[in-house]
There are 2 protein chains.
Amino acid sequence: MQERRSNQNRRQETRRALIKAARALFLEKGYAATGTPEVVARAGLTRGALYHHFKDKQALFLAVVEAEAAQIAAEIEAGSADAQTPLAALNDGARAYFAAMRAPGRIRLMLLEGPATLSPETMRRIDLETGGRELRLGIAEALGGAATVGRVDALADLVSAMFDRAALAIEGGADAPLYEATVRDLLAALVGPAPGTR
Amino acid sequence: MQERRSNQNRRQETRRALIKAARALFLEKGYAATGTPEVVARAGLTRGALYHHFKDKQALFLAVVEAEAAQIAAEIEAGSADAQTPLAALNDGARAYFAAMRAPGRIRLMLLEGPATLSPETMRRIDLETGGRELRLGIAEALGGAATVGRVDALADLVSAMFDRAALAIEGGADAPLYEATVRDLLAALVGPAPGTR
DNA sequence: TTGCATACATACAGCCTGTATGTTAATTCA
DNA sequence: TGAATTAACATACAGGCTGTATGTATGCAA
């Protein structure tokens, strides 16, 4: 009664099982507190399989973070698809981002351990490959082409930092509506110092 | 030929030696890559001494981070002491902060591993106990009492996040003048949407 | 000076990571 | 089709690190 599986399928399934198990544990206990023996036990495999598919524990962590980033990006896109104006899209995106970041463990994974363990550059790359473009485009559009590319990038980076900090503060028990409103106001002030936003 | 030292002095000196050695290694190689054997070797002590003075490796790390925060706060205060207006003080403070963060390893220590290893709440507490008040006061003053306390806190937090991200980006090779200018403009827009800043 | 507490040093147990080696199943190729 | 090769794992091992338990000497207090 042996299951007959192609190597390709086998490989794919094993990788997924490892990433899934690791994701659950990294979200629950964090990177350092999660041992590879625990991961493979949960996946019903052995450490041999893990180190066959991933160079080291960090590579597994990277795979988990990339998958999570894609998931978060999808949630944000779903939440900001039908906005009328660029500013509205930014606001909807911000709301969706905060909602997505409420998932347990995500903040530690994506905002704390990710940068510390993988490097900010890696996180930035992942962000740009997944959801970060949206923000950059939104800001560029909202600024109406009145800014250089470099400036848009810098602004998007700084705004993204504010989003992250707001999410962090909210998880830490801060006044969520206050932070979200403050972010909204900053966005409005930043993007269009013209209309009567105040 | 025995040195005759009081227990109080002995204790103080040992603690300092441990923190100094740990600081050097944490700055150079990071928290996870630094082992306690290496720390005590550098300090000319043994692990027994370390675990006598600190509950665990994290407690030593906390001591290092607190000391470093105090040092950074001092550098910032020295660099922004003689500003004329609140906005000028904020700008000088920002400049001094960026300068302070250029010290090798500081960004990893204070912005990456600190939050990840100790928790953002702890880092926030340390920040408020050392340099963070300055920023809050500066923003409150610049806003001219037109905002609630909670709002000032949130704003200060978000602005501080921008500072951090800018420092991070600059260390990562980003265009430093561009980032610093963008931060300055954001500060100006935030504080006084009145003057002809553009 | 006698007894206790403090400041360390030494020794040990447990865990974890990464690698080396072994085994089985799939794929390739003659 | 069947032998050889390689991929996909499992098992076993070495080294290092953390935290604790235990031992020792020195300061301190009565």
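Atom set for the values below is all heavy atoms of this structure, side chains included, hydrogens, waters and symmetry mates excluded. All chains are named by letter (A, B, ...) in the order of the sequence lines, taking the proteins before the strands, and each is independently numbered beginning at 1. Nothing here was measured: the structure is a model prediction, and the numbers come from that model.
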Peer 1: Applying side-chain hydrogen bond (donor to acceptor under 3.5 Å, both in side chains), name anything that partners E13(B), two or more places apart in sequence or on another chain.
Peer 2: R5(B)

Peer 1: Expressed as a whole number of angstroms, how long is the span from N9(B):CG to dT26(D):P?
Peer 2: 18 Å

Peer 1: In residues 24-36 of chain B, what residues come within less than 4.0 Å of DNA chain C, judged by heavy atoms?
Peer 2: none

Peer 1: Could you measure the distance from the CD1 atom of I139(B) to the CG atom of L187(B)? Nearest 0.5 Å is fine.
Peer 2: 7.0 Å

Peer 1: Is there any side-chain hydrogen bond (donor to acceptor under 3.5 Å, both in side chains) pair reaching into residues 126-144 of chain B, and which pairs are they, with sequence neighbours excluded?
Peer 2: R125(B)-E129(B), R136(B)-D153(B)

Peer 1: Round to a whole Å and report the spacing from CD of Q8(A) to P of dA7(D).
Peer 2: 13 Å

Peer 1: Applying salt bridge (Lys or Arg N to Asp or Glu O under 4.0 Å), name anything that partners K20(A), two or more places apart in sequence or on another chain.
Peer 2: none

Peer 1: For nucleotides 2-6 of chain D, print each protein N/O atom paired with a nucleotide N/O atom at under 3.5 Å, atom names and distance only.
Peer 2:
none

Peer 1: Not counting sequence neighbours, which residues clear salt bridge (Lys or Arg N to Asp or Glu O under 4.0 Å) with E113(B)? List them please.
Peer 2: none

Peer 1: Looking at S119(B), is its backbone amide N or carbonyl O close enough to the side chain of R108(A) to form a donor-acceptor pair, meaning the two atoms are under 3.5 Å apart?
Peer 2: no

Peer 1: Can you name the salt bridge (Lys or Arg N to Asp or Glu O under 4.0 Å) partners of E75(A), sequence neighbours left out?
Peer 2: R106(A)

Peer 1: So that I can tick it off, tell me whether D185(B) and R151(A) are bridged by a salt bridge, with the cut-off set at under 4.0 angstrom between side-chain N and carboxylate O.
Peer 2: yes

Peer 1: Residues from residues 57-66 of chain B sitting under 4.0 Å of DNA chain D, heavy atoms only?
Peer 2: K57(B)

Peer 1: May I have all residue pairs that pass side-chain hydrogen bond (donor to acceptor under 3.5 Å, both in side chains) and include part of residues 85-99 of chain A, sequence neighbours excluded?
Peer 2: Y97(A)-D164(A)

Peer 1: Just jot down the salt bridge (Lys or Arg N to Asp or Glu O under 4.0 Å) partners of E121(B), sequence neighbours excluded, or say none.
Peer 2: none

Peer 1: For E171(B), is there an ion pair with R102(B) - N to carboxylate O distance below 4.0 angstrom?
Peer 2: no

Peer 1: Hey, mind stepping through Y179(A) and D157(B) against side chain to side chain contact (heavy atoms under 4.5 Å, CB included) and telling me if it holds?
Peer 2: CA-CA 10 Å; Y179(A) 264 84; D157(B) 195 19; 2.7 Å; yes

Peer 1: Pair up each side-chain donor or acceptor in residues 47-57 of chain B with any protein partner under 3.5 Å, not counting sequence neighbours, and list the distances.
Peer 2:
{"residue": "R47(B)", "atom": "NH1", "partner": "T36(B)", "partner atom": "OG1", "Å": "2.8"}
{"residue": "D56(B)", "atom": "OD1", "partner": "Q58(B)", "partner atom": "N", "Å": "3.3"}
{"residue": "D56(B)", "atom": "OD1", "partner": "A59(B)", "partner atom": "N", "Å": "2.9"}
{"residue": "K57(B)", "atom": "NZ", "partner": "Y31(B)", "partner atom": "O", "Å": "3.0"}
{"residue": "K57(B)", "atom": "NZ", "partner": "T34(B)", "partner atom": "O", "Å": "2.9"}

Peer 1: Is there any protein nitrogen or oxygen under 3.5 Å from a nitrogen or oxygen in nucleotides 8-12 of chain C, and what are the pairs?
Peer 2:
{"residue": "dC8(C)", "atom": "OP1", "partner": "T14(B)", "partner atom": "OG1", "Å": "2.9"}
{"residue": "dC8(C)", "atom": "OP2", "partner": "T14(B)", "partner atom": "OG1", "Å": "2.9"}
{"residue": "dC8(C)", "atom": "OP2", "partner": "H53(B)", "partner atom": "NE2", "Å": "2.8"}
{"residue": "dA9(C)", "atom": "OP2", "partner": "T46(B)", "partner atom": "N", "Å": "2.9"}
{"residue": "dA9(C)", "atom": "OP2", "partner": "T46(B)", "partner atom": "OG1", "Å": "2.4"}
{"residue": "dA9(C)", "atom": "O5'", "partner": "T46(B)", "partner atom": "OG1", "Å": "3.1"}

